[in-house]
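Written below as structure tokens is the structure these notes are about.
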Amino acid sequence: MTGTRVLVLNSGSSSVKYQLLDMETETRLAVGLVERIGEGASRLAHTPLSTGGGQRVQRTPVADHEAALKAVAEELAADGLGLDSPRLAAIGHRVVHGGLRFTEPALIDEEVIAEIERLVPVAPLHNPANLTGIRTARALRPTLPQVAVFDTAFHASMPEYAARYAIDARIADEHRIRRYGFHGTSHAYVARRAARLLDRDPAGLNLIVLHLGNGASASAVRGGRCVDTSMGLTPLEGLVMGTRSGDIDPAVVFHLGRVAGMSMDEVDTLLNRHSGLAGLCGDNDMREIRRRIDAGDAAAQLAFNVYTHRLRKYVGAYHAVLGRVDAVVFTAGVGENSPPVREAAVAGLDAFGLAVDPELNTRDSAEPRLVSPAGARVAVAVVPTDEELEIAQQTHALVAR
Ligand code: AMP
């Protein structure tokens with residue numbers, strides 16, 4: 001019999017986030033984060049939820065991902081949750097880019113690793129770090145099944161006409177340029193959980209899912225399958241985000257090169273790190289932006305208006321894509337916690353049957369819930385995302401087959 005526990009690893013370039021879950025009960029046994037790997041001031045914060053113990057913090061330097069994972073293994077072992085336990089069924093890895101090949105989670109072997117490596121040119125910031133996590137975990141537990149769960153996979157069901165950019169097809173094919181979409185694990189989880197909230201079979205539901213975190217993306221979901229999404233070849237396209245511009249006239253890039261004399265790398269940094277809310281008003285945290293608006297700050301108000309105008313455009317566009325919409329679902333840091341953003345995202349869309357109930361929308365809750373008025377034609381819902389649970393479920397389902 002295979003075990004029931006799954007370790008979920010989300011490996012970034014200088015950090016590893018982890019959660020150990022028991023899939024029989026779908027409970028978290030431990031959660032933690034190693035930060036600033038390879039820097040002097042590393043920090044490991046580990047919380048053993050199964051023992052009810054408080055958070056333990058270590059501040060010893062962690063040289064690399066191997067040292068990070070060994071430190072995590074020691075912390076888990078100290079709580080009787082060691083990685084050598086027969087109860088550990090698998091390790092599930094978050095992998096950002098799965099390209100066209102990975103439309104489902106994949107049991108990791110040398111060939112899968114080579115394919116993730118081949119996708120590095122389209123995900124230069126993420127896939128190398130994800131690979132480091134995979135290689136390190138395999139070295140630590142060579143016989144344990146390990147599964148890659150891809151951020152792009154949920155969007156692989158998009159029809160070709162939604163995924164294609166209208167550029168020279170030969171060049172697009174040669175360089176694998178197309179819309180892939182990201183945050184797929186979150187969109188998949190939230191779409192399924194929203195169907196449960198609505199007490200409906202996902203197969204008969206049309207949803208617009210708005211994942212609004214520091215990164216932000218929208219998806220149109222028909223019958224549980226993605227039919228369009230706002231992020232593209234990279235996570236830069238689509239909605240206005242914390243520090244990314246989202247949609248922009250591509251000619252802005254030529255203009256910045258030819259007229260402003262910026263290099264490609266400078267434009268890349270500008271659009272990915274110094275744009276979006278941060279570029280517009282200097283802050284990327286919606287809480288701070290709301291505080292500034294309340295104090296009468298015009299730049300913060302404009303940033304909010306640009307952000308929510310783009311959201312409304314996508315809500316309208318995905319109505320047209322889907323034909324009929326049953327629910328608009330908000331998730332992630334901003335989507336779950338910002339009533340003014342939810343209100344503004346559907347403001348003036350009464351003709352679409354969309355509205356929020358002011359009291360329900362501002363009520364504090366961490367539960368999936370409806371915020372539309374009773375009897376509304378289109379439901380507006382808030383569903384907290386849980387990407388780790390989704391990765392653990394997909395991983396466990398694959399190894400328990
Ligand atoms: P995420 O990427 O999902 O972790 O979301 C992070 C973002 O959520 C932050 O940058 C904040 O802008 C936003 N956020 C978190 N809590 C709140 C809150 N209470 N009100 C508004 N925005 C929030």
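Along the sequence shown, residues are numbered consecutively beginning with 1. Reckoned from all heavy atoms, side chains included, excluding hydrogens, waters and symmetry mates. In each ligand, atom 1 is the first atom listed, and ligand 1 is the first ligand listed.
- Aromatic rings of His187 and His155 (six-membered ring for Trp) have centroids within the 6.0 Å cut-off, being under it.
- Protein heavy atom closest to atom 13 (C) of ligand 1, with residue, atom name and distance, is Val334 CG2, 3.6 Å.
- At least one test fails for Arg178 against the ring of Tyr165: distance under 6.0 Å to the centre or angle within 45° of the axis.
- With ligand atoms numbered from 1 in the order given, ligand 1 contributes 1 (P), 2 (O), 3 (O), 5 (O) to contacts under 4.0 Å with heavy atoms of Gly213.
- Nearest protein heavy-atom neighbour of atom 2 (O) of ligand 1: Asn214 N, 2.9 Å.
- For a threshold of 3.5 Å applied to N or O pairs, the pair formed by Met286 and ligand 1 contains at least one separation below that value.
- Glu266 places a side-chain N or O within donor-acceptor distance of the main-chain N or O of Ser263, the cut-off being under 3.5 Å.
- Summarising the geometry, atom CD belonging to Glu117 is positioned 5.5 Å from atom CG belonging to Leu131; distances are rounded to the nearest 0.5 Å.
- Listed by number with element, the atoms of ligand 1 under 4.0 angstrom from any heavy atom of Ala332 are 3 (O).
- A donor-acceptor pair under 3.5 Å is formed between the side chain of Arg179 and the backbone N or O of Thr229.
- The single protein non-hydrogen atom nearest to atom 20 (N) of ligand 1 is Arg287 CG, 3.3 Å, given as residue, atom name and distance.
- Among protein heavy atoms, atom 19 (N) of ligand 1 sits closest to Asn337 CB, 3.4 Å.
- Of the heavy atoms in Asn284, only backbone atoms (N, CA, C, O) come closer than 4.0 Å to ligand 1.
- Below 3.5 Å of separation, one finds an N or O of Gly333 facing an N or O of ligand 1.
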List the steps and the verdict of ring pair (Phe, Tyr, Trp, His ring centres under 6.0 Å) for His97 and Phe182.
CA-CA 8 Å; His97 216 307; Phe182 298 88; 5.3 Å; yes

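- Here the heavy atom of the protein found nearest to atom 11 (C) of ligand 1 is Asp285 OD1, 3.4 Å.
- Taking a distance limit of 4.0 Å, we find that atom 4 (O) of ligand 1 is approached by no protein heavy atom.
- Ser275 places no side-chain N or O within donor-acceptor distance of the main-chain N or O of Asn272, the cut-off being under 3.5 Å.
- A donor-acceptor pair under 3.5 Å is absent between the side-chain atoms of Gln19 and the main chain of Gly32, judged by distance alone.
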